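Computed from a predicted structure; not experimentally measured. Per chain, numbering begins at 1; letters A, B, ... match sequence-line order.
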Amino acid sequence: MPLSIYNSYSRTKELFKPITEGHVGMYVCGPTVSGESHLGHARPYISFDVVYRYLSHLGYKVRYVRNITDAGHFEEEGREAEDKVSKKALLEKLEPMELVQKYTNLFHWAMKQFNCIEPSIEPTATGHIVEQINMIEGIIAAGYAYEVNGSVYFDVKKYAASHDYGKLSGRVIDDLLETTRELDGQEEKRDRADFALWKAAPPEHIMRWKSPWGEGFPGWHIECSAMATKYLGARFDIHGGGMDLQFPHHESEIAQSTICNHQPPVNYWMHNNMITINGRKMGKSYNNVIKLTELFSGNHPLLTQAYHPMTIRFFILQSHYRSTLDFSNEALQASEKALKRLWDSYENLKKLDLPADQAADDQELNGRIEKLLAELESFMDDDFSTPKVIANLFDMAPVINSIKDGLIPANAISGQTLANLKSSFTLYLEDIFGLQSPYQSDNSLLQGVMQLLIDIRKESRAKKDFATSDKIRNQLSALGILIKDEKDGNMSWSLS
RNA sequence: GGUCCUUUGGCCGAGUGGCUAGGCAAAGCUCUGCAAAAGCUUCUACAGCGGUUCGAGUCCGCUAGGGACCUCCA
C-alpha cells in the first residue's frame, strides 16, 4: 500500500513519490536556541521523528536535516532592529555563543529524553553565513531584491507578479500589499510585504558579519533556504515544521529558493498543528508555556505531577499531528496509564511462546488478530495516522493478557500469528513510534534487593504469614514500588 | 478588519455518507487470603437550525461558541 501525505501546499493528500527513487530528502525547521524548549516545541520534533522512522522502515534512505537557529532574528520593522540572541546575552552577561551552546545542549538533552533520532545533518545558521550571502547575491542578480542602507529586502510585489506568493499560507497577495499604505513613510522597504534577506547591524549589535552590503546579519528566512539547498538540493521531498511557520517563514522560503534555484524547493509541505493549553496556543507571547525541564520534574504551577518523557511522546502520538492537542493534567495522566497498560501487555507478549508450526485453534480470533495487524501499515500510510495504530494495538492487548493469564489457551492463535504479533509490537512501539519503557530505568542493585524482598514475601505467604507479606508490599508501595501477585504465584514489581 | 480552521459521550481523542474507534474515569462481575493488576460486561456521543440523500457526526447553507495566522513563534 502506497504512502500518502497531506501536502499543505495543495491542501490534499497526495501519493508520496520521492524525487530520487529509494531516497528521501527531508528538512524540518529546528529550534531557535535563545531559550529553553517547551511542550509545544516537542510536537514537531516527535512527529517528524516518527515520519523519519517510518520512511526508514519503508526502506527509504532518508537524509534528515534539522537546523539550529543560533543567529537570532531581528524584531519586525517599526521597532528597533535587535538580535534576540544577543539581546538576551547582554542581559545575562554571557557570550552569545555561550548562551547558544547552553540551550543547544539542553535541546539535545531533551531530544534524547524523547528518544528522537538525531538528524543526519544539524546545520547552524552561524555556520552558513557564506551560503546565505551567496544566495542573497543570487536573488539580487535576478532582480528580486534591493539594497537600502546596508540592508537587503526581497521584492515580494515583483515576485508575486509572476509567481504564486501566498499559496502555501492561503494568503491573498493584494491584501498583503494593501496594508502597505497604512504604514508610515520611514520604512526602508518599498512594500510592507517585503521581507529582509540581510539586515545592517547597528553598532551595539554583537553578532555581525561582513557582507557586500556592510556589516550585518542574515534575515530569518534565508538560513533555511540556504541550508536546505546546500544539503538537499534545489528541490527536495519533504519540508516540515509547525503550522505557525507557514506564514511568513515558509512562504518566504519558497519565494527565495524559487528565484535563486529557478524551481519550487519542496514537493511535500508538512505542518504539525499546535499544542494548546486551555484551548489556547502554547506560546511565549501568551505566557502559558511549560518548559520541558518543568514537565519532566513537575515543577510548574500548572502541573500536578512530573511526567515521563515517554508519557509525553505517547500523548502526542495519540492524536493526529494535524489536529490541535490540548494539554491538561487529566489528559497526560490518562496517557500515562494507557502507555503503561500497553507496555505491560507488550512485556507479557514477549514472554509468550509457541512452536512455529502451531496451528490456530480459534480461527475467528486468529483471523481478527491478523486483520488488526495488517491494518497497521495502512494506517501509517494514510498520512501517519498514529492514533489508529495505537487503537489497534489496544484492541490486541486484552488478547495478549488473557493468553498470558491462561484465560485464553495459547494455541488459540497460531505460532505464525504470535510471531507476527511480537514483531509488529516491537516494530511499531519501539522502532516506529520510538517508545521505550515508561518505567524508571532499573539498576542492578535494586533488582537484587527486590528479588530478595520478593523471595521473603513468597516464603511468608507460603506460611500464611500475611502480616509480613502485607508489610513488605505496603511499605514498598509507600516508597513507590508496586508488587503484583501473578496468577502462577510469581510476583512482579514496578516503580509507580 | 482579512484569511482559514474547529465544535464528538464525565474527560482526552479517532473518524474516508451506511456496521462498536481507542484511551482515561465510573459501575457491576470474575480472579484473589486481602489488595493491585488483569479479564468480562455496562455507559452509543456527535454545538443549534435548515437542506441534499434511500441513508449524514461525515456533504451544503445559516446561526452560535472556540481557535490559529495576518508581528517573533513549533
Side-chain angles (χ1 to χ4, degrees), chain A residues 11 13 28-32 34-35 37-48 72-79 84 166 169-172 174-176 178-179 192-193 220 240-249 251 271-276 278-286 289 314-315 318-320 322-342 344-345 348 379 382 385-395 397-402 404-408 461 464 466 469-470 473-474 477 482-487 492 494 496:
Chain A
R11 286 155 201 264
K13 274 184 204 168
V28 174
C29 286
T32 300
S34 60
S37 297
H38 62 251
L39 174 59
H41 295 126
R43 173 109 97 148
Y45 306 131
I46 288 172
S47 297
F48 289 106
H73 308 302
F74 48 85
E75 302 289 341
E76 189 43 56
E77 67 281 339
R79 291 146 71 181
K84 248 172 34 182
S169 55
R171 219 80 359 174
V172 180
D174 288 339
D175 293 347
L176 291 172
E178 234 171 69
T179 55
R192 193 193 197 286
W220 174 33
M243 261 181 191
D244 50 354
L245 294 181
Q246 258 183 356
F247 189 89
H249 186 54
E251 198 71 70
H271 291 97
N272 63 276
N273 214 319
M274 301 292 103
I275 285 183
T276 59
N278 296 321
R280 258 224 133 80
K281 173 184 171 183
M282 185 177 285
K284 246 183 186 162
S285 42
Y286 294 116
V289 302
F314 191 69
F315 172 65
Q318 270 184 304
S319 74
H320 190 262
R322 282 190 289 110
S323 302
T324 56
L325 176 58
D326 200 52
F327 163 88
S328 70
N329 282 286
E330 294 70 29
L332 236 31
Q333 281 158 9
S335 291
E336 182 180 81
K337 288 198 173 183
L339 174 58
K340 283 184 173 172
R341 191 160 93 82
L342 194 56
D344 286 346
S345 186
N348 290 337
F379 290 156
D382 183 14
S385 295
T386 56
K388 289 185 174 179
V389 172
I390 291 173
N392 268 27
L393 295 179
F394 269 111
D395 277 340
V399 176
I400 293 166
N401 293 338
S402 292
K404 176 232 165 201
D405 284 343
L407 298 171
I408 295 176
R461 272 171 46 106
K464 303 265 184 208
F466 296 122
S469 69
D470 284 355
R473 187 179 61 198
N474 294 340
S477 173
L482 295 180
I483 286 198
K484 287 186 252 180
D485 294 336
E486 306 288 345
K487 286 256 183 319
S492 63
S494 60
S496 60

Among [options], the nucleotide that comes nearest once only the side chain of [X] is considered:
| X | options | answer |
| --- | --- | --- |
| Pro248(A) | C70(B), A74(B), A37(B) | C70(B) |
| Tyr45(A) | A36(B), A74(B), C69(B) | A74(B) |
| Ser285(A) | C24(B), A74(B), C72(B) | C72(B) |
| Asp405(A) | G2(B), A74(B), A38(B) | A38(B) |
| Asp485(A) | C69(B), A35(B), A74(B) | A35(B) |
| Met282(A) | C34(B), A74(B), G22(B) | A74(B) |
| Ser402(A) | G39(B), G67(B), A74(B) | G39(B) |

ring centroid sep under 5.5 Å plus plane angle under 30, Phe466(A) with G33(B):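 Yes; centroid distance and tilt both under limits.
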Touch check for [X], heavy atoms < 4.0 angstrom, all strands: base, sugar-phosphate only, or nothing?
| X | value |
| --- | --- |
| Lys281(A) | base |
| Ala338(A) | sugar-phosphate |
| Gly283(A) | nothing |

Determine whether a donor-acceptor pair (one donor, one acceptor, N or O, separation below 3.5 Å) exists between the side chain of Asp470(A) and the base of G33(B).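 Indeed, a donor on one side and an acceptor on the other fall under 3.5 Å apart.
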Would you say the base of A35(B) and the side-chain of Arg473(A) have a donor-acceptor pair closer than 3.5 Å?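 Checked by distance alone, the answer is yes.
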Establish, with yes or no, whether the OP1 or OP2 oxygen of C24(B) is under 4.0 angstrom from a side-chain nitrogen or oxygen of Arg341(A). yes
Tyr286(A) vs A68(B): side-chain N/O to OP1/OP2 distance below 4.0 Å: yes
Tell me: NE2 of His41(A) to P of A74(B), nearest whole Å?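 Those two atoms, NE2 and P, are 3 Å apart.
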Between Met243(A) (CE) and C5(B) (P), how many Å, whole number? 10 Å
side-chain contact (heavy atoms from CB on, under 4.5 Å) partner of Ile275(A), the single match among Lys281(A), Arg43(A), His38(A), His41(A):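 Output: one option passes, namely Arg43(A).
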Considering every strand shown, what is the Watson-Crick or G-U wobble mate of [N] when both distances are under 3.5 Å?
| N | result |
| --- | --- |
| G61(B) | C49(B) |
| C4(B) | G67(B) |
| C34(B) | none |

One character per nucleotide, please: for nucleotides 12-20 of chain B, 5' to 3', B when the base has a protein heavy atom closer than 4.0 Å, S when only the sugar-phosphate does, - otherwise. SSS------
